[in-house]
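Notes follow the structure.
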Amino acid sequence: MISKENIEPIQFLFEQDLLEAIQKVGTIKQVPKGEIMIDLGEHIQFIPLLLDGAIKVVREDDSGEELLLYFVEFGNTCAMTLNCCLEDTSSEIRAICEADTTLIMVPVTYMDPWLAQYRSWRNFIFESYQNRLNEMLKAIDALTFLKLDERLEKYLSDKSKVSKSASLKITHLEIAMDLNSSRVVISRLLKKMENQGKVVLGRNTIKINI
DNA sequence: ACATTAAGTGATT
DNA sequence: AATCACTTAATGT
């Protein structure tokens with residue numbers, strides 16, 4: 001049973017009956033930063049509803065390199081996971097905690113009945129798909145049309161949004177891995193951005209001024 | 001003081 | 001834009 005305080009931040013999303021149902025069947029899960037929540041090939045048993053924190057969703061290419069797909073933020077759920085629930089297939093993606101995260105886990109068995117029963121649930125699922133589809137299109141655009149320097153700027157602003165801070169604690173190497181690039185290139189681009197006054201660099205830290 | 005890790009740089013492909 | 005080879009700077013032990 002989930003307490004009222006825990007459900008509170010999500011209240012605006014669902015109708016009262018459904019909120020009560022979520023409280024009854026859901027469980028709260030706390031996941032520390034850096035933990036892998038879902039890995040490739042795993043079967044999904046729970047639908048995650050994100051209360052706080054952020055989750056990074058990546059795909060792995062043939063050479064074992066991770067490619068950043070998108071971040072899951074507050075009030076959202078992972079569309080890829082939903083897909084797996086509906087199709088009952090295994091995960092195509094890996095989900096890693098970007099920050100300490102709390103979420104509600106709802107067993108997948110409620111997916112179908114709730115779709116039939118609750119209007120707000122349908123809307124929620126539908127909107128998640130819609131949002132994700134849009135973001136995926138943007139991600140594809142970014143990969144094919146944006147140059148690395150533009151991708152880097154987008155990456156940094158996404159990051160600071162997700163961590164609610166203009167000062168990121170991250171190394172150039174980590175950025176390079178997320179963007180499928182090399183550390184040297186990232187260092188040079190960051191240097192350029194620093195000269196343009198867009199960022200301030202320090203060891204393990206980047207301050208954003210955009 | 002020394003080793004380790006992060007970041008900067010020139011040259012090459 | 002990537003890789004190599006090397007330097008410099010910051011941090012941990």
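Chain identifiers are assigned alphabetically (A, B, ...) following the order of the sequence lines, protein sequences preceding nucleic acid strands; residue numbering begins at 1 within each chain. All values reported here derive from a predicted model rather than from experimental measurement.
The closest donor-acceptor contact from the side chain of A:Glu150 to the backbone of A:Lys147 lies under 3.5 Å. In terms of modelled atom types and a separation under 3.5 Å, the side chain of A:Thr101 and the main chain of A:Cys97 share no donor-acceptor contact. At distances below 3.5 Å, at least one donor-acceptor pair connects side-chain atoms of A:Asp100 with backbone N or O atoms of A:Lys33.
Looking at A:Ile175 and A:Thr171, their side chains never come closer than 4.5 Å, going by heavy atoms from C-beta outward.
Computed from coordinates, the A:Leu152 CG to C:dA1 P distance equals 11 Å when rounded to whole Å. As a whole-Å value, the separation of A:Leu179 CG from C:dA1 C1' is 13 Å. Distance, A:Leu148 CG to C:dT3 C1': 15 Å, rounded to whole Å. A:Leu189 places its CG atom 9 Å from the C1' atom of C:dA1, with the value rounded to the nearest Å.
Nearest-nucleotide assignment on DNA chain B puts the 5′-proximal partner with A:His172, out of A:His172 and A:Arg188.
Aromatic rings from A:Phe14 and A:Tyr118 are positioned such that their centres are separated by 6.0 Å or more.
Side-chain contact check for A:Ser90 and A:His43: no donor-acceptor pair (N or O, by modelled atom type) lies under 3.5 Å. Using modelled atom types, one finds a donor on one side chain and an acceptor on the other under 3.5 Å when comparing A:Ser120 with A:Glu15.
In this structure, A:Ser182 reaches the bases: a heavy-atom distance under 4.0 Å links it to at least one base atom across the strands shown.
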task = Do nucleotides 7-13 of chain C as a string where each nucleotide becomes B, S or -: B if the base has a protein heavy atom under 4.0 Å, S if just the sugar-phosphate does, - if no protein is that close.
result = --BBS--
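On the nucleic acid side, DNA chain B has its first and last nucleotide under 4.0 Å of a heavy atom of chain A at B:dT5 to B:dA11, going 5' to 3'.
Residues satisfying the side chain to side chain contact (heavy atoms under 4.5 Å, CB included) test with A:Val185, not counting sequence neighbours, are A:Leu148, A:Ser181, A:Ser182, A:Leu189.
OP1 and OP2 of C:dA1 both lie 4.0 Å or more from every side-chain N or O belonging to A:Ser181.
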